[in-house]
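Let me begin by presenting the structure, written as C-alpha cells, before commenting on it.
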Amino acid sequence: MHYFEYRKRKLYCEDVPVEEIIREVGTPVYIYSARTLARHFRVFDASFGDISHLVCYSVKANSNISIIKLFANLGSGVDIVSGGELYRALKAGVSPRKIVYSGVGKKDWEITLALEKGILMFNVESAEELENINKIAGRMKVKAPVSIRVNPDVDPKTHPYISTGMRENKFGIDIRESLALYKKAVSMRNVEVVGIDCHIGSQLTDVKPFVDAVKIVVDFVKTLRERGITVRYVDIGGGLGITYRDETPPHPEEYASAIGSLIKEMDLTLVLEPGRVLTGNAGILVTEVLYTKRTGEKTFYIVDAAMNDLARPSLYGSYHEIVPVRKKDGKTTVADVVGPICESGDFLAKSRELPLVKRGDFLAVMSAGAYGFSMSSNYNSRPRAAEVLVNGDSYEVIRERESLRDLLRGEKIASFLKKRGEL
Ligand code: LLP
C-alpha cells in the first residue's frame, strides 16, 4: 500500500499534486511519501509482535538523512556498511546502540569510528577482519561487540547480482568453518561475541529461503551453546521483496510468523535489516519527456532522467512501472523510455505499452524509493536529482538538485597544465 494515486486525473503524492512539486523543484526529482514510509515501518515492526526484536533499517536502500531520521523517530535502528553511512546515521540522530555494521571491507578508520561511537555490533565477514577488529579495539582499550556473518548456502532465487548467501558469494563465512572462527573469537581479548548474522539476498518473493536459512542459523546457535558459546542476537539481514509488477512477496506478517516460530523460546533477540520493503514503494522518480523519436523499428520517449539517476533497469534489467503524471485517455504506443546518456544501456523501460505523451509531459517511474537515488551517479556530468519528502498536504526539498558548481567540487586543473608546453 502506498499514497500515490490519481485524483481528477492528476497524480498525487499524499495530498500534494505531483505537478505542484515539479513546478517548484523541476525534474528529474525523487518524491517520497512520509506516510507510506511510516506505514511500512509500523507494519513491519508490528508483525514481529512480542518477539524480542530490533528493526535496523538498511540505510543503503535510501540514505537521505530525512529518511533515516523518519525511521529513527519510529524507533528504528540502522544497518550500515560504511563510515559514510555511519556518519549519516549519526547526523540523523540514530542511537549508536542501535547500529549494526555489515560489509566485507571495513577500513581501519571506519572500525575506529564505529568503536568510538559504541555501536551495537560488527557483523564480521572474514577471519582477517576479526583479527583486525580485535587489534584496533585493543589499541583503543575497548571491547568490540561482534557477530559473525555465516553463509548458510541457501539459494534465494533472486537476481544473481543481489544474491549473497550462496557458497560462491563473497559474503559471510562458510557455515562449516564458522565454529572454528567462533572459538577463535571467544578467545580474543578485545572482542565480545554477541551474535550471529546472515543475509542471503535481496528482493526475495518467497519465505522458504528465509526459513531454510534461519533454521540453519538456529541449529548453529544450538551447536554454539553446546560448546559454551552464547549469543544474544540473531541478525537475519534484510531481503524481503516488494511488488514492482506482478510479484507476490510474502506480507511482513507471514515472514515474521515463519521466522518467529523458529526462534521462539530460544532466548534470542532478532535483528532485522529491511531496506527495500520499507522504502521501495514509498518513492517515485518524476521525469519530463524531452523528445519523441521514431525510427523504422521503434519509438523512443527520450526523458530527462537517465541511468545515472536510476540504475536498476540498466544494471539488472529491472522493471519499474511508468505512468503519466496527468492521466491520458485512449491511445497507447509501445516505446522504449530512454535517458540522454550516451550508452545503449541507458533505459528506464523497454518495449513498454504507454499512453501517447509528448514533449513537456511528465512521467512517474514507480517503486523508485529503494536503490534509486542511493545508487545515482554523476555520469555524463549530470547533476544529481533533487529529493522531496511529502507529508500530508505539504512537502520539503530534502536534497537540493546538484548545481554545475557541485559537479566540480574538489576538482582542479593540475598546476603543470596551467603552463603550456610542459608536456
Ligand atoms: N543487509 C545486508 C547485509 C545487505 O547486504 C542488504 C542489501 C540489506 C540488508 C537490505 O536488503 P533489502 O531488504 O533492501 O533487500 N541494488 C540492488 C539491491 C542490493 C542489495 C544489497 N544488500 C537493487 O537495486 O535491487
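Values reported hereafter were calculated over all heavy atoms of this structure, with side chains retained and with hydrogens, waters and symmetry mates removed. Keep in mind it's a predicted model, so treat the numbers as computed, not measured. One-based numbering, in listed order, for ligands and for the atoms of each.
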(Q) Only heavy atoms of R276, strictly under 4.0 Å: list the atoms of ligand 1 that pass. (A)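 The atoms of ligand 1 under 4.0 Å from a heavy atom of R276 are 12 (P), 13 (O), 14 (O), 18 (C), 23 (C), 25 (O).
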
Q | E273: numbered ligand 1 atoms lying under 4.0 Å from its heavy atoms | A |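 Those of ligand 1 that fall under 4.0 Å from E273 are 1 (N), 2 (C), 3 (C), 8 (C), 9 (C), 10 (C), 13 (O).
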
Check this for me - ligand 1, [X], N or O atoms closer than 3.5 angstrom, yes or no?
| X | value |
| --- | --- |
| S102 | no |
| Y316 | yes |
| G275 | yes |
| S58 | no |
| G239 | yes |

Q: Using heavy-atom distances, let me know which of R149, K60, M375, E125 sits nearest atom 6 (C) of ligand 1.
A: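 Minimum heavy-atom distance to atom 6 (C) of ligand 1 goes to K60.
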
Q: Would you tell me which option among A311, S202, A61 has the nearest heavy-atom contact to atom 15 (O) of ligand 1?
A: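 Of the listed residues, S202 has the closest heavy atom.
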
Q.
Minimum heavy-atom separation for G345 and S314, please, with both atom names.
A.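 Distance-wise, the nearest heavy atoms are O-OG, 2.6 Å.
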
Q) Do you know the tightest heavy-atom contact between I242 and G280? A)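 It is CD1-CA, 3.9 Å.
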
**Q.** Heavy atom of P274, distance to ligand 1 below 4.0 Å
**A.**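 So P274 counts as touching ligand 1.
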
Q.
Less than 4.0 Å is my threshold; does some heavy atom of D79 fall inside it relative to ligand 1?
A.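 Flag set, D79 near ligand 1.
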
Q | Ionic contact status for R176 with D153, cut-off 4.0 Å | A |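 Answer for the salt bridge query: no.
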
Q. Got a sec: does the NZ of K298 have more than 12 other heavy atoms crowding it under 6.0 Å?
A.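 It does: K298 NZ has more than 12 such atoms within range.
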
Q. Below 4.5 Å, heavy atoms only, C-beta onward: do N308 and S376 meet side chain to side chain?
A.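 They are not in contact (no side-chain heavy atoms under 4.5 Å apart), so the answer is no.
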
Q: Please name all residues satisfying side chain to side chain donor-acceptor pair (under 3.5 Å) with S367, sequence neighbours left out, ordered by chain then number.
A: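 Counting only residues at least two positions away or on another chain, S367 forms a side chain to side chain donor-acceptor pair (under 3.5 Å) with N281.
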
Q. Is the distance between the ring centroids of F4 and Y12 less than 6.0 Å?
A.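 For F4 and Y12, the ring centres are not under 6.0 Å apart.
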
Q) How far does CD1 of I51 sit from OG1 of T269, to the nearest 0.5 angstrom? A)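 Rounded to the nearest 0.5 Å, the CD1-OG1 separation comes to 11.0 Å.
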
**Q.** For ligand 1, the portion of H199 having any non-hydrogen atom under 4.0 Å away
**A.**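 For H199, only side-chain atoms sit under 4.0 Å from ligand 1.
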
